[in-house]
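Read through the structure below, which is laid out as structure tokens, and then see the notes.
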Number of protein chains: 2
Amino acid sequence: MTAAKPTKKPTIADIAKLAAVSVATVSNALNGTGRMSARTRRRVEAAMAELGFVRDHGAAKLRTGRSKLIGVLVNDISNPFFGEFAAALEAALSARGFLPILANTGDDADRQRALLDEMLGHGVAGLVVSPTIGTQPEDFALVRDRGIPCVTCVREVEDAPFDFIGADDFSAARLGTRHLLDGGHAKIAFVGGLPGAATWHRRCDGFFSALREHGIEPDEDLIRPGPAMRAFGRTAARQLADMGHPVSAVLCFNDIVALGACIGFKEAGVLVGKDVAVVGFDNLPDSEAWTPPLTTVEVYPRSIGANAAARLLRRLDGDESHPEISRLAPRLIARQSSPPLSGA
Amino acid sequence: MTAAKPTKKPTIADIAKLAAVSVATVSNALNGTGRMSARTRRRVEAAMAELGFVRDHGAAKLRTGRSKLIGVLVNDISNPFFGEFAAALEAALSARGFLPILANTGDDADRQRALLDEMLGHGVAGLVVSPTIGTQPEDFALVRDRGIPCVTCVREVEDAPFDFIGADDFSAARLGTRHLLDGGHAKIAFVGGLPGAATWHRRCDGFFSALREHGIEPDEDLIRPGPAMRAFGRTAARQLADMGHPVSAVLCFNDIVALGACIGFKEAGVLVGKDVAVVGFDNLPDSEAWTPPLTTVEVYPRSIGANAAARLLRRLDGDESHPEISRLAPRLIARQSSPPLSGA
DNA sequence: ATAGGTTGATTAAACGATACATCAAGAGAC
DNA sequence: GTCTCTTGATGTATCGTTTAATCAACCTAT
């Protein structure tokens, strides 16, 4: 491969000249519109190949108003959950010729606002957003006003006129909690996750609901909200271990927090899977390989991504029906981290 | 938030009318170019706010030829390594006003070609690419010809006139291998990773180099290439465990493969951290929390992302110097998965 | 032979933002 | 009062593509 000699990029006018046809004919060849003889089509295609033509989508979008760009906003791309989500979403969208452009909000509402603006400015045909904590409906005012199809995911934003695809967090938390209750646990903590995201509230409600169903009144002191990160899980576990009246089980906001909690308990000399039961959410690929293998509630990030893509594609195809809310049914995956309460 | 009523999007012409100025003035206000009184600037800004103006970057790009889009191609966004990489890259680029658009090649060379075309068509100002396996230099011909700044990462593509930022894979493999050799291991397998990616070859060379340095001739039968995935690590471990002359240590292509190997060995009744030593690459956030905690070679995905961004920004600022190859120094993180060979 | 159809290709007007060239008006110098 | 400078603002061509409106041949049927 030899050194670069920056070439001016060829336009359809250059192709037209080389193929001795008009620009309109080139455009038609490009889009399969209009009518033309097979011979000229070949000539045009040969010319495009020779000059290394690549169509300027921006210019086309300017003229037609149509675009194949889809803006995707996630709040933490380094979290494997969103990695899986994004991979599935991308596969489904690009199969239909769309180009998802993925940006990371880092759970910063200001950055989310800026990115939404930026995406609109680039003329996206649609949006898929996992909203940041603290998202206000007005943050999406421009999207709404422009009538750009937008599917929200994972975290619901209340009163926004958009489709939503996510896990059924209420049921998921109930599943996890009931699993512990059925094992005889009564003093159960709920660790991690930030109020401000709908996900947390729904899981918290599910947690409460299951407890009350078993005649247990939730103990405010056992609700430990915090960033959904390993570090928080670890410190929370240590605090719980140091409490006067230790808990026998912990429901964690996600597997990452759960892993942190396992580390924290281990450091505190408490044996997970024996002295204490731990349950997470997400069924991260690694969770079954931990020691002990983690009980978790599978919430299907790939399905959420795939469904979000399908929903958005329907909207792009012109479906104008009322926004739909879908909560995918979760599944409990019981493993060794959450044994029944021992007789002791 | 009320229902949608798709508004036509306002252009600078609309702003100009409302503010009773010319389009040129609006454009100047937008870009801070030209001269204008503070009063008119305020009028223009008020008009933009009132109508909810958002600038059409595509149109601007068409006119100016300048763009703030950066194409980013990774080969597996669901791999946490690339998640970390992408997050760091994005942070650095967006701090300078660029918008990285991230796409996933899924390690498919055809898809990579298509995506490169697509990105060029969208007028990216620059590219950051972690090339797929089987990438040919000609796949980047258009990028080279157009003179678009392009930084390759993680895997080097030979004979391509681009900057490269990655780990020093040769040294990394030597580090990991020497650690095992120093522990007295002699029968060491190298598991996972596909020939076809430069990364694999360099690591393989580093592995060989360390062995030979200790007077050990590499045994072809102990080289077990395969997809860098958990499943492969697992099957490879089982095969190794079933061999007549079992290995005492395994160097894995990355932590994911290493985790798979741990599972495989466990299933085969071989105790990792006792009967067999396992070393990985990447230092995934979870690797220290596994049982036993994994010895790994840290290759700093965030640093690779940050350096790639810095390099690209320099190019965008006009640096035309010869392409540079940077290999970031790795670091061995010794944990319990790789004890010295026991006397037995 | 002429009217009407079909086929294959062309012309030119958009799309939204930018930037060069131009200009009006007021300030200051003589 | 004329001349030059500066400040603030405008008119308009342009980027690359699409597409509606035309048009030139040629074919076919009367």
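In what follows, chains are A, B, ... by sequence order, proteins preceding strands, each numbered from 1. No hydrogens, no waters, no symmetry mates; every other heavy atom, side chains included, goes into these values.
Taking atom CG of residue A:Asp56 and atom C1' of nucleotide C:dA17, one finds them 14 Å apart after rounding to whole Å. As a whole-Å value, the separation of B:Arg63 CZ from D:dT17 C1' is 16 Å. What separates CG of B:Asn31 from P of C:dG16 is a distance of 17 Å, to the nearest Å. One interatomic measurement links the two molecules: NZ of B:Lys9 to P of C:dC15, which rounds to 12 Å at whole-angstrom precision. Taking atom CZ of B:Arg42 as the reference point, atom P of D:dG8 lies 13 Å away to the nearest angstrom. Between the NZ atom of B:Lys61 and the P atom of D:dT14 there is a distance of 18 Å, given to the nearest Å. Taking atom CG on B:Asp14 and atom P on C:dC15, their separation rounds to 11 Å, with Å as the unit. Rounded to an integer number of Å, the gap from CG of A:Leu51 to C1' of D:dG16 is 15 Å.
B:Asp76 is not listed as a side-chain neighbour of B:Asp107, based on a closest heavy-atom distance of 4.5 Å or more. Residues B:Val143 and B:Met119 are not in side-chain contact: their nearest non-hydrogen atoms beyond the backbone lie 4.5 Å or more apart. The closest side-chain heavy-atom distance from B:Leu51 to B:Ile15 is below 4.5 Å. Proximity of B:Thr132 to B:Asp108: side-chain heavy atoms (C-beta onward) are nowhere separated by under 4.5 Å. Within the 4.5 Å cutoff, no side-chain heavy atoms of A:Phe82 are placed close to those of A:Asn104.
The phosphate of C:dA17 (OP1 or OP2) has no side-chain N or O of B:Arg66 nearer than 4.0 angstrom.
Checking B:Ala24 against B:Thr64, the closest nucleotide of DNA chain D that is more toward the 5' end is the one next to B:Ala24.
Taking the charged nitrogens against the carboxylate oxygens, B:Asp317 and B:Arg314 have no contact shorter than 4.0 Å, which rules out a salt bridge.
Under the 3.5 Å distance criterion, with hydrogens and angles disregarded, a donor-acceptor pair is assigned to the side chains of A:Arg311 and A:Ser326. Checking A:Thr33 against A:Asn28 by side-chain atom types alone, a donor-acceptor pair falls below 3.5 Å.
Contact annotation for A:Thr11: backbone-only contact, meaning every heavy-atom pair under 4.0 Å involves sugar-phosphate atoms and none involves a base.
A:Ile70 pairs in a side chain to side chain contact (heavy atoms under 4.5 Å, CB included) with only one of the listed residues (A:Val151, A:Leu316, A:Leu313), which is A:Leu316.
Checking D:dT17, D:dT12, C:dA17 against the side-chain heavy atoms of B:Phe53 singles out C:dA17 as nearest. The side chain of B:Leu30 lies closest to C:dT18, out of D:dT19, C:dT18, C:dG16. Nearest nucleotide to the side chain of B:Ile12, out of C:dA17, D:dT12, D:dT17: C:dA17.
The terminal axes of the helix from C:dA1-D:dT30 to C:dC30-D:dG1, fitted over 5 pairs per end, subtend an angle of 50° to the nearest 10°.
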Restricting to nitrogen or oxygen on both sides, can you table the protein-nucleotides 7-9 of chain C pairs closer than 3.5 Å?
unit_1	atom_1	unit_2	atom_2	d
C:dA9	OP1	A:Ser37	OG	3.3
C:dA9	OP1	A:Thr40	OG1	3.2
C:dA9	OP2	A:Ser37	N	2.8
C:dA9	OP2	A:Thr40	OG1	2.9

